[in-house]
2 protein chains.
Amino acid sequence: MALDRKDLAILAELTTNARASHTELANKVGLSSTALARRQKALEDDGYIQAYQAALDLAQFGLTTTVLVRIALESQSDEALKAFEAEVVKCPSVVRCFLMSGTDDYILIVLARDIQDFERIHRTELSRLPRVARVQSSFALREVVNRAVPTVVFGETRR
Amino acid sequence: MALDRKDLAILAELTTNARASHTELANKVGLSSTALARRQKALEDDGYIQAYQAALDLAQFGLTTTVLVRIALESQSDEALKAFEAEVVKCPSVVRCFLMSGTDDYILIVLARDIQDFERIHRTELSRLPRVARVQSSFALREVVNRAVPTVVFGETRR
DNA sequence: TCTCCTTGGGCACACCGACACGCATCCTGG
DNA sequence: CCAGGATGCGTGTCGGTGTGCCCAAGGAGA
């Protein structure tokens, strides 16, 4: 299935206003409400739209500190990876975890209230992860770009 | 303003089903639709809920490769930072960019179709960024955790 | 060239549900 | 005992959503 510009316009709008009604979207895209409803349903059924979710302001919850954590394991054996991953998914402050190529085995993104809070997270969550050989933390001083979807998606021109 | 468990339950549910109706949410949380409507509006007005957005399946768009890019600048002067940041926000394949403490100046998260596509991005987007001294790329082999909101948010117990 | 068929769009309508309001109740704290 | 805040119920109105039908455009085949 290929997407045309109107599909991309629908997706671009829904990534901003997920609760927009059919008529509302139809006006912005330049379609009738029924044609738009068909397209939107197709985008959902074909899996382009995974879900509709509320975006929370994490700063409002006091989570203003982002930390990148590099973790190297004692060994890269399959058993060690499985043991580590089974535990890291339980860490409540971890929002992302990548298994990486290169020297570092894993990279985590951790959200904390402040530096003191990260010390607590380091002690209660990270240091309890199994098979860890080395942990290296870097603090994010500022977030320059934060997009859910790369703009390249909406720039494609098919059809 | 403090949030109680019901507020957190509302937020937890809305981060999954942003289009849920008042009655639907009310049943899950254990409130009447009118009490829920008041709370939801308060959460929006107080800024806890920033927006409602559709989550796209980026793999459906062919973006299956995540790359972490470490960038060091020639100098950390304010002018160099500003020049770099003004350009990096224009890169269509960059989804996140942090100004970091420590040795690396910036860390980017880039989404690409595959390794060949990242070569193109490296050539057309990254290598054109100003004041760059060193670029180091690491490929994510797998995404172990990917959460929009840390689970710690919903575990708080106030009131 | 003509015709058939498919695909996508628009119009109209009817139904169902959501949303907002008013009011009574309850609980808690002063 | 009272006052304020929060809840729940009921109701009415409004809007969205889904359906059926028709139309236009384009492609395939005879």
Side-chain angles (χ1 to χ4, degrees), chain A residues 1-57 60-62 148-149 152-159, chain B residues 1-58 60-62 148-149 153-159:
Chain A
M1 178 190 178
L3 302 179
D4 63 1
R5 294 181 185 178
K6 290 183 178 176
D7 288 315
L8 296 176
I10 295 170
L11 293 176
E13 186 61 27
L14 282 175
T15 54
T16 305
N17 302 328
R19 311 197 72 162
S21 66
H22 291 167
T23 53
E24 198 174 339
L25 283 173
N27 291 334
K28 296 212 177 187
V29 177
L31 281 174
S32 68
S33 66
T34 151
L36 183 125
R38 273 196 291 261
R39 281 173 176 262
Q40 183 174 351
K41 186 173 189 315
L43 291 171
E44 293 167 359
D45 293 344
D46 294 348
Y48 289 98
I49 297 174
Q50 267 185 333
Y52 298 98
Q53 51 193 22
L56 306 187
D57 183 6
Q60 199 85 359
F61 295 88
V149 178
V152 66
V153 169
F154 303 126
E156 299 183 8
T157 311
R158 299 189 193 171
R159 274 196 194 173
Chain B
M1 177 190 178
L3 301 179
D4 63 1
R5 294 182 185 179
K6 291 182 178 177
D7 288 315
L8 296 176
I10 295 170
L11 293 176
E13 187 61 28
L14 283 174
T15 53
T16 306
N17 302 328
R19 312 198 71 162
S21 66
H22 290 168
T23 53
E24 197 173 341
L25 284 173
N27 291 335
K28 297 212 177 188
V29 176
L31 280 175
S32 68
S33 65
T34 149
L36 183 125
R38 272 195 293 262
R39 281 174 177 262
Q40 183 174 350
K41 186 172 189 318
L43 290 171
E44 294 167 358
D45 293 344
D46 294 347
Y48 289 96
I49 297 174
Q50 266 184 334
Y52 298 97
Q53 52 193 21
L56 306 187
D57 183 5
L58 296 175
Q60 199 85 358
F61 295 89
V149 178
V153 169
F154 303 125
E156 299 181 9
T157 310
R158 299 189 195 169
R159 270 196 194 173

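A note on names: the letters A, B, ... follow the listed sequences, proteins ahead of strands, and every chain is numbered from 1. Here the structure is a predicted model, which means the values were calculated and not measured. Note: hydrogens, waters and symmetry copies are ignored here, and every other heavy atom, side chains too, is used.
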Subject >> Pairwise side-chain contact, A:Arg39 with A:Leu31, heavy-atom cut-off 4.5 Å (strictly under) >> reply: yes
**OP:** Can you tell me the distance, in whole Å, between the CG atom of A:Asp4 and the C1' atom of C:dT7?
**Re:** 13 Å
Original post:
Closer to the 5' end of DNA chain C via nearest nucleotide, is it A:Gly30 or B:Ala37?
Top reply: A:Gly30
**OP:** Could you identify which residues of residues 16-26 of chain B place a heavy atom less than 4.0 Å from some atom of DNA chain C, listed by residue number, or say none?
**Re:** B:Ser21, B:His22, B:Thr23
**OP:** Identify the heavy atoms of A:Asp7 and A:Ala2 that sit nearest to each other, and give their distance.
**Re:** OD2-O, 4.3 Å
**OP:** Please determine, for the side chain of A:Arg39, which listed nucleotide (C:dG9, C:dG10, D:dG8) has the closest atom?
**Re:** C:dG9
Original post:
Do B:Val149 and B:Leu11 have side chains that get closer than 4.5 Å, going by heavy atoms?
Top reply: no
Subject >> Flag side-chain contact, heavy atom, 4.5 Å: B:Tyr48 against B:Leu14 >> reply: no
**OP:** For residues A:Ile49 and B:Leu56, determine if any side-chain heavy atom of one lies less than 4.5 Å from a side-chain heavy atom of the other.
**Re:** yes
Subject >> Bend angle of the helix from C:dT1-D:dA30 to C:dG30-D:dC1, end axes from five pairs each (to 10°) >> reply: 30°
Original post:
Between D:dG20, D:dT7, C:dG9, which nucleotide gets closest to the side-chain atoms of A:Leu31?
Top reply: C:dG9
**OP:** Answer whether the closest heavy-atom distance between the side chains of A:Val152 and B:Phe61 falls below 4.5 Å.
**Re:** no
Subject >> Least distance between heavy atoms, B:Ala54 atom then A:Ala18 atom >> reply: N-CB, 3.6 Å
Original post:
Once you round it to whole Å, what is the distance between P of D:dA6 and NZ of B:Lys41?
Top reply: 14 Å
Original post:
What is the distance, rounded to the nearest whole Å, between atom CG of A:Leu36 and atom C1' of C:dC11?
Top reply: 16 Å
**OP:** Could you walk me through whether B:Ser32 and B:Thr34 pass the side-chain hydrogen bond (donor to acceptor under 3.5 Å, both in side chains) test, one step at a time?
**Re:** CA-CA 5 Å; B:Ser32 68; B:Thr34 149; 5.0 Å; no
Subject >> Shortest side-chain distance from A:Arg38, nucleotide among D:dG8, C:dC11, C:dG9 >> reply: C:dG9
**OP:** Starting at atom CG of A:Asn27, determine the distance to atom C1' of C:dG9, rounded to an integer number of angstrom.
**Re:** 15 Å
Original post:
Do B:Leu3 and B:Leu43 touch side chain to side chain, with heavy atoms closer than 4.5 Å?
Top reply: yes
